[in-house]
Amino acid sequence: MPTAVSPLASASLLVAVIGAGASGLVAARELRREGHRVVVFERGDQVGGTWIYSPKVESDLLGTNPDRAVVHSSLYQSLRTNLPRELMGFQDYPFVKREGDGRDGRRFPGHKEVLMYLQDFATEFGINELVRFETEVVSAKLVEGGKWKLTSKGRSGDRVEEIYDALVVCNGHYTQPRIADIPGIKVWPGKQMHSHNYRTPDRFQDQVVVVIGYGPSAVDIYIEVSGVAKEVHVAARSVADDKLGKLPGFKNVWLHSMIDSVHEDGRVVFNDGNAVYADVILHCTGYEHYFPFLETNGAVTVDDHCVEPLYKHVFPPALTPSLSFVGIPVKNVPFLMAELQSKWIAGILSNRIALPSKEEMMEDVKALYSSLETSGTPKRFAHHLAEGQQLPYNNWLAAQCGVPPVGEWRPKMYMAAAEGRALQPSTYRDNWEHDDLVLEAQKDFSRYL
Ligand code: FAD
C-alpha cells in the first residue's frame with residue numbers, strides 16, 4: 001500500500017509539461033482537472049507530435065549526427081494505424097468514426113485521422129490555450145527545493161528561464177534512431193538509412209534492399225518497398241528457422257536471420273549463410289530514449305534503452321514526485337496508458353494519492369531488474385510489458401487513481417490485431433473478424449458518448 005507523502009505535494013502546483021503529443025495533451029488535461037497550473041512546451045507549431053506527418057527527411061538519413069535539424073515524426077506517407085481505432089482512443093474520449101470532410105472512418109485509419117482526433121481532443125478540453133508553440137525546452141535543471149529551472153527557446157530565439165514546481169516529460173521516444181551494429185559496415189559501399197527517414201518507396205526503384213527488423217513499421221515498409229524494388233531481403237532477429245526463405249505471397253521478398261557481416265564488394269552475409277549484393281540497408285531497428293535537455297545530477301540515466309531508475313516506468317524514486325515521465329512502456333496501448341499514468345501523476349502531485357517511500361520504490365525497480373535477469377531477458381526489454389502484463393499494469397494504475405478497471409476486451413483486441421498482423425501482414429487492416437470485441441468496446445464507450 002502507498003504510504004509516504006511527499007513534502008512537495010500540495011493542492012495546486014505550477015507544472016511544466018514537455019511535449020504536446022498524445023501524452024502531453026492528456027497529461028495537461030489531467031493536471032488541470034486536478035487543479036494544477038499547467039504550461040505545455042511544444043517545439044512544433046501544432047499539437048499531435050508523432051501524428052504530424054512531414055514529407056521532409058533529415059540531412060543525415062541514419063539520424064546519427066547530433067547537430068542535424070531534427071524532424072520529429074517518423075511517419076511514412078501511407079501509414080495506417082496498426083491498432084483498431086477502438087483501442088487507440090483515450091478511455092473517456094473514444095476514437096469513434098466522425099463524419100466530415102477528409103475524415104477516415106476505417107477501423108485502422110490513416111495517420112491524418114489520428115491527428116484530427118488529437119486536435120479534436122485538444123479543442124474539446126481547451127488544451128491549446130495551455131500550449132506555448134514553437135518553444136523548445138533546451139534545459140530542465142533540478143534546483144534547490146526540488147524545483148525545476150526550465151530554459152526555453154521560442155520563436156524569436158530568445159531564451160527564457162522559469163521555475164516550476166514539477167516537470168512532466170512527454171517528449172516521445174520515436175525520433176532518435178537506434179542503428180544496428182553490423183560488422184564491416186565502415187567499408188560497405190551501399191547506402192544506409194533508418195526508417196525514421198522513410199516516407200515513400202520511390203527511392204528504392206529497381207534496387208536490392210535489405211530491411212533490418214520485423215516490427216510493425218518494418219513489415220509495412222518491406223511490403224511497400226517490394227512493390228518497386230528488385231529484391232527485398234528482411235533480416236530478423238527472432239524468427240523460427242522454418243519461416244526463413246522466400247515469403248509466400250511475394251515474388252521478390254526473402255526472410256533471413258540477422259546479418260552476420262557486410263563486405264567491401266557490396267555483399268551482405270546473413271547468419272543463415274545466405275548472401276546478397278545489396279544497394280541499400282534500411283534500419284527498422286527502433287529508437288533510443290533521448291532527453292538532451294534533462295539535468296538531474298545523475299538521478300536519472302539512460303542505459304541500454306532503459307530510463308532508470310523509474311518506479312512503475314513513471315517516477316524516478318530520488319526525485320518523486322517533482323519529475324515524472326509519461327508514455328515510456330511499450331507493448332501497451334499508448335493513449336490509454338498515457339491517460340492513466342497522467343491521472344496518477346496529477347493525483348500524486350495534489351497529494352490525493354500517496355506514493356510508497358523512496359526505498360520501497362527502489363526495491364520495486366530492483367525487483368523488476370532481477371526478474372528480467374532470472375528469466376534471461378536482456379535489460380533493454382525493461383520497458384516492454386511482457387505478454388499478459390498490459391491489463392495488470394493499466395489496472396494497477398486505474399486502482400491507484402480510484403477509477404474503474406480497464407475493459408477486458410482491450411488486451412483481447414490488442415492480441416487479435418497482433419495476430420492479424422503476423423498472419424496476414426498485407427491485409428489484416430481490412431479483414432477484421434472480431435466484431436464481438438467491437439461490440440464490447442461500443443458498450444464500454446456508451447458510458448462516455
Ligand atoms: P510524441 O507524439 O512523439 O510527442 C512528443 C512531442 O514532444 C512532440 O510534439 C515534440 O515536438 C515535443 N518535444 C520533444 N522534445 C521537446 C522539447 N525539448 N521541447 C518542446 N517540445 C518537445 N501508436 C498507436 O497507438 N497506434 C499506432 O498505430 C501507432 N503507430 C505508430 C507508427 C510509427 C511509425 C510510430 C513512430 C509510432 C506509432 N505509434 C502508434 C506510437 C505513437 O508514438 C504513440 O501513439 C503516441 O503518438 C506517442 O505520443 P507522445 O506524446 O508520447 O510522443
Side-chain angles (χ1 to χ4, degrees), residues 16-28 39-54 70-90 95 106-111 113-115 117-118 121-122 127 131-140 150-154 167-178 194-199 213 215-221 284 286-287 289-294 325-339 341-342 410 413-414 417-418 421 428-429:
V17 172
I18 303 182
S23 301
L25 292 175
V26 76
V39 177
V40 182
F41 292 86
E42 172 50 58
R43 67 182 172 191
D45 61 3
Q46 53 176 311
V47 301
T50 283
W51 295 99
I52 305 166
Y53 171 75
S54 168
V70 170
V71 175
H72 182 80
S73 177
S74 304
L75 295 190
Y76 29 96
Q77 194 178 49
S78 63
L79 184 137
R80 287 173 67 186
T81 64
N82 53 47
L83 294 174
R85 64 189 309 142
E86 285 81 3
L87 266 186
M88 282 196 53
F90 297 110
F95 186 15
R106 292 176 293 180
R107 169 140 297 117
F108 293 77
H111 54 81
E113 179 67 18
V114 185
L115 178 60
Y117 165 79
L118 290 173
F121 176 87
I127 309 299
V131 186
R132 289 193 202 156
F133 290 105
E134 294 180 72
T135 307
E136 177 172 6
V137 174
V138 290
S139 154
L150 257 70
T151 309
S152 60
K153 197 173 71 177
L167 175 63
V168 183
V169 178
C170 305
N171 69 328
H173 50 90
Y174 293 100
T175 295
Q176 186 66 26
R178 181 191 306 166
H194 188 276
S195 56
H196 173 61
N197 286 307
Y198 176 85
R199 300 290 177 269
S217 292
V219 171
D220 279 352
I221 290 173
C284 299
Y287 296 86
H289 292 282
Y290 192 52
F291 310 101
F293 48 83
L294 197 57
F325 295 80
V326 177
I328 299 280
V330 293
K331 308 274 177 202
N332 199 351
V333 280
F335 292 16
L336 172 78
M337 176 183 73
E339 182 178 10
Q341 290 178 328
S342 299
R410 286 182 184 271
M413 197 180 257
Y414 187 88
R421 203 161 56 231
Y428 73 97
R429 292 180 173 92

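No experiment lies behind these values; they were computed from the predicted model shown. Both counts, for ligands and for their atoms, begin at 1 and track the order of listing. Starting from 1, each residue takes its place in the sequence as its number.
- Per-residue contacts place Cys170 under 4.0 angstrom from the following atoms of ligand 1 (heavy atoms of the residue considered): 5 (C), 6 (C), 7 (O).
- Pairing each heavy atom of Gln46 with each of Leu115, the nearest pair is OE1-CD2, 4.1 Å.
- Set against the non-hydrogen atoms of Ala22, the atoms of ligand 1 under 4.0 Å away are 49 (O), 51 (O).
- For the pair Tyr287 and ligand 1, the shortest N or O to N or O distance does not fall below 3.5 Å.
- The single protein non-hydrogen atom nearest to atom 24 (C) of ligand 1 is Met88 CE, 3.6 Å, given as residue, atom name and distance.
- Remark: ligand 1 atoms within the under-4.0 Å shell around heavy atoms of Gly49 are 2 (O), 4 (O), 8 (C), 9 (O).
- Taking CG from Leu336 and CD from Gln341, the interatomic distance works out to 10.0 Å, rounded to the nearest 0.5 Å.
- Distances from ligand 1 to the non-hydrogen atoms of Asn82 include at least one value under 4.0 Å.
- There is a protein heavy atom closer than 4.0 angstrom to atom 29 (C) of ligand 1.
- The aromatic rings of Tyr117 and Phe335 sit parallel to each other, their planes meeting at less than 30°, with 60° as the upper class boundary.
- Ser152 contributes no side-chain N or O that, together with a main-chain N or O of Val137, makes up a donor-acceptor pair within less than 3.5 Å.
- For ligand 1, the atoms closer than 4.0 angstrom to any heavy atom of Thr81 are 28 (O).
- With ligand atoms numbered from 1 in the order given, ligand 1 contributes 20 (C), 21 (N) to contacts under 4.0 Å with heavy atoms of Phe41.
- Side-chain N or O atoms of Glu42 include none that pairs as donor or acceptor with a backbone N or O of Val131 at under 3.5 Å.
- Using a distance-only test at 3.5 Å, with no hydrogens or angles considered, no donor-acceptor pair links the side chain of Glu136 to the main chain of Val138.
- Taking distance alone, with nitrogen or oxygen atoms compared against 3.5 Å, Val137 approaches ligand 1 more closely than that limit.
- Below 3.5 Å of separation, one finds an N or O of Thr50 facing an N or O of ligand 1.
- Close contacts of ligand 1 with Phe293, meaning ligand atoms under 4.0 Å from a residue heavy atom, involve 18 (N).
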Report the C-alpha distance between Glu86 and Arg107 in whole Å, list the side-chain angles of each, state the deciding distance to 0.1 Å, and finish with yes or no for side-chain contact (heavy atoms from CB on, under 4.5 Å).
CA-CA 8 Å; Glu86 285 81 3; Arg107 169 140 297 117; 2.9 Å; yes
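- Distances from ligand 1 to the non-hydrogen atoms of Phe335 include at least one value under 4.0 Å.
- Annotation: Tyr174 places no N or O atom under 3.5 Å from an N or O atom of ligand 1; distance criterion only.
- Ion pairing between a basic and an acidic side chain is recognised when a charged N comes within 4.0 Å of a carboxylate O; Glu113 and Arg80 show no such pairing.
- Residue-to-ligand polar distances place His72 within reach of ligand 1: an N/O pair is separated by less than 3.5 Å.
- In this structure, His111 contributes its side chain and Gln77 its backbone to a donor-acceptor pair below 3.5 Å.
- Val47 does not count as a contact of ligand 1, since none of its heavy atoms falls under 4.0 Å from the ligand.
- Atom 47 (O) of ligand 1 has as its closest protein heavy atom Trp51 NE1, 2.9 Å.
- Side chain of Ser74 to backbone of Tyr174: a donor-acceptor contact under 3.5 angstrom is found.
- Remark: the Ser217 side chain and the Tyr198 side chain contain no N/O donor-acceptor pair separated by less than 3.5 Å.
- Near Asn171, meaning under 4.0 Å from one of its heavy atoms, ligand 1 places the atoms 5 (C), 7 (O), 14 (C), 15 (N).
- Aromatic ring pairs are classed by plane angle as parallel below 30°, tilted from 30° to 60° and perpendicular above 60°; the pair Phe291 and Phe293 is perpendicular.
- Using cut-offs of 30° and 60° for the angle between ring planes, the Tyr428 and Phe108 rings count as perpendicular.
- Checking only distances, Arg80 never comes within under 3.5 Å of ligand 1, N or O to N or O.
- The closest approach between any non-hydrogen atom of Thr135 and ligand 1 is below 4.0 Å.
- With a 4.0 Å cut-off on non-hydrogen atoms, Ser23 touches ligand 1 through its backbone as well as its side chain.
- Put simply, the side chain of His173 never gets that close to the backbone of Tyr290: no donor and acceptor are under 3.5 Å apart.
- Here Pro216 has no heavy atoms under 4.0 Å from ligand 1, in either its backbone or its side chain.
- Each of the atoms 34 (C) of ligand 1 lies under 4.0 Å from some heavy atom of Ser217.
- Of the options Phe90, Trp51, Phe95, a ring-ring contact (aromatic ring centres under 6.0 Å, His included) to Phe121 is made by Phe90 and by none of the others.
- Under a 4.0 Å heavy-atom criterion, Pro334 is in contact with ligand 1.
- The nearest protein atom to atom 7 (O) of ligand 1, hydrogens excluded, is given as Gly19 CA, 3.1 Å; this is a heavy-atom distance.
- With hydrogens left out, the protein atom closest to atom 32 (C) of ligand 1 is Leu79 CD1, 3.6 Å, a heavy atom.
- Of the protein's non-hydrogen atoms, the one nearest atom 9 (O) of ligand 1 is Glu42 OE1, 2.6 Å.
- Checked by atom type and distance alone, the side chain of His196 never pairs as donor or acceptor with a backbone atom of Arg178 at under 3.5 Å.
- Remark: ligand 1 and Arg43 share an N or O pair separated by less than 3.5 Å (distance only, no angle test).
- Taking the salt bridge (Lys or Arg N to Asp or Glu O under 4.0 Å) definition, one finds that Arg429 meets it with Asp220, sequence neighbours left out.
- Among all protein heavy atoms, the one lying closest to atom 53 (O) of ligand 1 is Gly172 CA, 3.3 Å.
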